Every structure is written in structure tokens, then in C-alpha cells.
Q: 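Following this message is one structure expressed as C-alpha cells.
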Amino acid sequence: MMELRDICREYKVGTELVRALDHVDLTIKAGEYVSIMGPSGSGKSTLLNMLGLLDRPTAGTYRLEGEDVSSLDDDALARHRQQQIGFIFQFFHLVPRLTALENVELPLVLAGAAPKARRERAVSILESMGLKTRLDHRPDQLSGGERQRVAIGRAIVMRPRFLLADEPTGNLDSRSGSEIMQIIEQLNRDGIALLIVTHDPMIGGRARRHLTLRDGKIVSDRSGEGA
């Protein structure tokens with residue numbers, strides 16, 4: 001479970017103080033499927049970064065699976081990210097010189113997993129995503145949809161409880177985007193909590209819970225039928 005209580009995040013831009021998150025209260029339960037929407041500058045990505053332990057609150061408390069992570073040091077935050085949270089980004093962020101297989105293996109390498117075990121897990125994930133013949137291809141040899149599948153594989157190879165996606169279809173054509181949504185929604189059906197930041201109301205409408213942000217505040221939190 002992710003629990004934010006009275007979370008604020010402030011930045012100084014020149015002489016101006018900008019409050020990107022303004023006293024946010026939010027609970028995300030295991031297995032939920034949540035979309036986060038709102039206009040540009042509303043705080044969507046800041047909220048996702050906060051939930052993903054990529055940013056720290058200026059004030060307030062964040063509990064992840066019952067532990068207060070608000071003031072942990074960088075090493076402790078990195079361990080929590082590694083063990084519990086997977087990330088998918090609009091622009092993939094794959095390592096250009098590594099193959100698809102090596103990109104998916106990378107989190108396991110950093111975690112010290114044995115070579116044989118990590119390779120078997122990465123191969124299994126990529127084959128399940130239809131990339132059996134692309135294991136040795138570098139990102140520049142893959143289509144956009146294939147690169148995003150590799151990025152998803154990397155995000156889930158550590159078997160996280162939460163999957164955070166920031167505009168996961170924003171750099172894809174409609175067909176590839178639909179395929180990516182089917183993949184990550186199946187992961188949600190398999191038990192991973194899924195949070196998606198999107199500008200696309202059709203993508204956002206697929207979720208079972210819809211958050212809307214404006215000026216750093218959650219102005220709407222409603223349920224929907226979703227996928």
C-alpha cells in the first residue's frame with residue numbers, strides 16, 4: 001500500500017516559490033489500476049515521482065507498505081525502488097549499447113543475481129512479450145513498440161508490487177499503444193498495482209480509478225468500470 005498524508009512539494013524558480021503538490025492525501029492499495037490526469041503543470045509527474053521515490057516531499061508523510069519512507073537516505077530509497085517499484089517512461093530510457101536481453105537483465109545485475117538465473121528470467125519475460133527473435137537486438141534496431149516492451153520487461157524483472165507509467169503510449173502509434181496497454185493491463189490483472197499518468201482521456205478511461213489534479217491538488221477521485 002502507498003499512503004501519502006498532507007504531502008507538499010515546493011520548488012524555487014528564481015525568486016518564486018512553486019508548490020507542485022499542495023497538501024495531497026492519497027492511498028493506493030495493492031492491485032489497483034489508477035489513472036492520473038490533469039492539465040500540464042498540474043503536478044501529475046511530480047506525484048508519480050513522489051510515489052516512485054524519485055523525489056522527496058517538502059512536508060508530509062509517505063508510507064510504503066507501512067514504512068515511513070519520507071526521510072530515508074538515498075541508499076535506502078534506492079533499495080525500496082529496486083524491490084517494490086517498476087517504472088515505464090514515454091521515451092523508454094533503454095541503454096543504447098546494450099541488447100534487449102541485457103537491458104532487461106540490468107536491474108538483476110545491479111541486485112547481484114546469479115548470471116544463469118537472471119538470464120533465464122529475462123529471456124522468459126521477453127519471450128512472453130513476443131520478442132523471442134529480438135533478444136540480441138539493440139534499441140536502435142527495434143521499433144518503438146518493441147522498445148517499450150523491452151522497457152516493460154526491465155520494469156517488471158524484479159517482480160515489483162507497483163508499476164508506475166508516465167505517458168507509456170505517448171511516443172507510439174495507435175496500434176503499438178494498444179498492444180502496450182494490453183500488456184500492462186494483464187500485469188495488473190496478475191496482481192501488480194498500476195498507476196498511469198496520461199493526457200489521453202481514452203487511455204485514462206481504461207483505469208478502474210481516476211484521479212484528476214489541478215494546481216498540485218487532487219480535485220477529483222472517482223471510480224469507473226475500467227479495463
Side-chain angles (χ1 to χ4, degrees), residues 1-13 16-72 77 80-81 84-91 152 155 160-171 177 180-181 184-185 187-189 191-227:
M1 183 182 292
M2 295 171 156
E3 298 176 273
L4 301 183
R5 293 293 174 265
D6 205 27
I7 289 288
C8 295
R9 182 63 172 103
E10 297 175 342
Y11 301 95
K12 209 150 191 199
V13 181
E16 184 181 358
L17 189 66
V18 177
R19 180 166 284 178
L21 295 177
D22 190 359
H23 298 285
V24 170
D25 291 322
L26 177 63
T27 298
I28 305 294
K29 296 179 181 177
E32 281 202 273
Y33 180 5
V34 183
S35 65
I36 303 172
M37 302 187 69
S40 296
S42 61
K44 303 184 301 297
S45 292
T46 302
L47 177 60
L48 202 71
N49 289 341
M50 189 69 63
L51 291 168
L53 304 177
L54 296 173
D55 199 358
R56 298 172 182 271
T58 307
T61 302
Y62 177 15
R63 291 187 177 276
L64 178 61
E65 298 290 27
E67 180 179 353
D68 187 350
V69 295
S70 311
S71 57
L72 294 180
L77 291 176
H80 278 287
R81 283 195 302 272
Q84 301 190 65
I85 301 170
F87 297 91
I88 306 170
F89 302 99
Q90 179 176 352
F91 294 104
I152 293 169
R161 295 184 178 92
F162 304 92
L163 187 59
L164 310 186
D166 195 351
E167 300 283 359
T169 64
N171 204 33
I180 290 303
M181 289 305 301
I184 61 178
E185 286 171 351
L187 293 169
N188 174 250
R189 288 191 288 271
I192 299 178
L194 176 59
L195 291 84
I196 295 181
V197 162
T198 181
H199 283 96
D200 187 336
M202 292 187 67
I203 296 295
R206 297 170 69 112
R208 292 188 295 274
R209 181 180 175 193
H210 313 283
L211 303 179
T212 303
L213 270 69
R214 188 171 292 112
D215 298 327
K217 297 177 180 288
I218 296 176
V219 297
S220 175
D221 183 349
R222 60 185 180 81
S223 297
E225 292 184 10

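If you read the sequence from its start, that first residue is 1, and numbering goes on from there. Just so it is clear, the values below take in all heavy atoms, side chains as well, and ignore hydrogens, waters and symmetry mates. Worth saying up front: this structure is predicted, and the values here are computed from it rather than measured.
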Q: Nearest 0.5 Å please: distance from the CD1 atom of Ile7 over to the OG1 atom of Thr61.
A: 6.5 Å
Q: For residues Asp68 and Ser70, is any side-chain donor paired with an opposing acceptor at under 3.5 Å?
A: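 Yes, side-chain donor-acceptor contact under 3.5 Å.
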Q: Using the side-chain hydrogen bond (donor to acceptor under 3.5 Å, both in side chains) criterion, which residues pair with Arg56? Sequence neighbours excluded.
A: Asp74
Q: Could you check whether any side-chain N or O of Gln84 sits under 3.5 Å from a backbone N or O of Pro160, counting only pairs where one atom can act as donor and the other as acceptor?
A: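 Looks like no, no N/O pair under 3.5 Å.
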Q: Do Tyr62 and Leu53 make a side-chain contact, defined as non-hydrogen atoms from C-beta onward lying under 4.5 Å apart?
A: yes
Q: CD1 of Ile192 to CZ of Arg161: how many Å apart, nearest 0.5 Å?
A: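 Answer for the CD1-CZ pair, Ile192 versus Arg161, is 11.0 Å.
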Q: If only atom types and distance count, is the side chain of Glu16 paired as donor or acceptor with the main-chain N or O of Val13 below 3.5 Å?
A: no
Q: Measuring from Leu195:CG to Ile88:CD1, what's the distance to the nearest 0.5 Å?
A: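 Here the interatomic distance stands at 11.0 Å.
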Q: Pair Ile152, Leu187 - check side chain to side chain contact (heavy atoms under 4.5 Å, CB included), show working.
A: CA-CA 10 Å; Ile152 293 169; Leu187 293 169; 3.8 Å; yes
Q: Identify the two heavy atoms, one from Glu167 and one from His199, that lie closest to each other, and give their separation to 0.1 Å.
A: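 Taking Glu167 first and His199 second, the nearest heavy atoms are OE2-ND1, 2.6 Å.
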Q: Working to the nearest 0.5 Å, report the span between CG of Leu163 and CD1 of Ile184.
A: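 Interatomic distance, Leu163 CG to Ile184 CD1, rounded to 0.5 Å: 6.5 Å.
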Q: Quick one: do the Ser45 and Asp166 side chains pair a donor with an acceptor below 3.5 Å?
A: yes
Q: With a 4.5 Å cut-off on side-chain heavy atoms, are Ile28 and Arg209 touching?
A: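 The answer is yes; the side chains approach within 4.5 Å.
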Q: With heavy-atom distances below 4.5 Å as the criterion, would you say the side chains of Leu211 and Leu26 are in contact?
A: yes
Q: Would you check if Arg214 and Ser220 make a side-chain contact, meaning some heavy-atom pair closer than 4.5 Å?
A: no
Q: Identify the heavy atoms of Met202 and Asp200 that sit nearest to each other, and give their distance.
A: N-OD1, 2.8 Å
Q: Show the nearest heavy-atom pair for residues Arg206 and Tyr33, with the distance to one decimal.
A: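 Residues Arg206 and Tyr33, closest heavy atoms: O-CE2, 3.4 Å.
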Q: Going by the rule salt bridge (Lys or Arg N to Asp or Glu O under 4.0 Å), which residues pair with Asp22 if we only count those two or more places apart in sequence or in a different chain?
A: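 Asp22: salt bridge (Lys or Arg N to Asp or Glu O under 4.0 Å) contacts with Arg19, Lys217.
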Q: With a 4.5 Å limit on heavy-atom distance, are the side chains of Met2 and Ile85 in contact?
A: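 Met2 vs Ile85: side chains touch.
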Q: Here's a test for you: under side chain to side chain contact (heavy atoms under 4.5 Å, CB included), which of Met37, Met181, Glu185 qualifies with Ile196?
A: Met181
Q: Is a donor on one side and an acceptor on the other found under 3.5 Å between the side chain of Ser35 and the backbone of Gly204?
A: yes
Q: Supply the atom-to-atom distance His80 NE2 to Phe162 CZ, rounded to the nearest 0.5 angstrom.
A: 11.5 Å
Q: To the nearest 0.5 angstrom, please state how far the CG atom of Leu21 sits from the OH atom of Tyr11.
A: 7.0 Å
Q: With heavy-atom distances below 4.5 Å as the criterion, would you say the side chains of Thr27 and Arg5 are in contact?
A: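 Counting from C-beta outward, Thr27 and Arg5 do come under 4.5 Å.
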Q: Would you indicate whether the side-chain heavy atoms of Val24 and Leu213 approach each other to under 4.5 Å?
A: no
Q: Where do Ser223 and His210 come nearest, in terms of heavy atoms and distance?
A: C-CD2, 4.1 Å
Q: Tell me whether Lys44 contacts the main-chain N or O of Gly38 through its side chain, where contact means a donor paired with an acceptor under 3.5 Å.
A: yes
Q: Please answer whether the main-chain N or O of Glu10 pairs with a side-chain N or O of Thr58 as donor and acceptor at a distance below 3.5 Å.
A: yes
Q: For the residue pair Arg208 / Asn188, report whether a side-chain donor-acceptor contact shorter than 3.5 Å exists.
A: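 A pair is found: one side chain offers a donor N or O, the other an acceptor, under 3.5 Å apart.
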Q: Taking the side chain as every heavy atom from C-beta outward, state whether Leu51 and Leu4 have any pair of such atoms under 4.5 Å apart.
A: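 Yes; the side chains approach each other to less than 4.5 Å.
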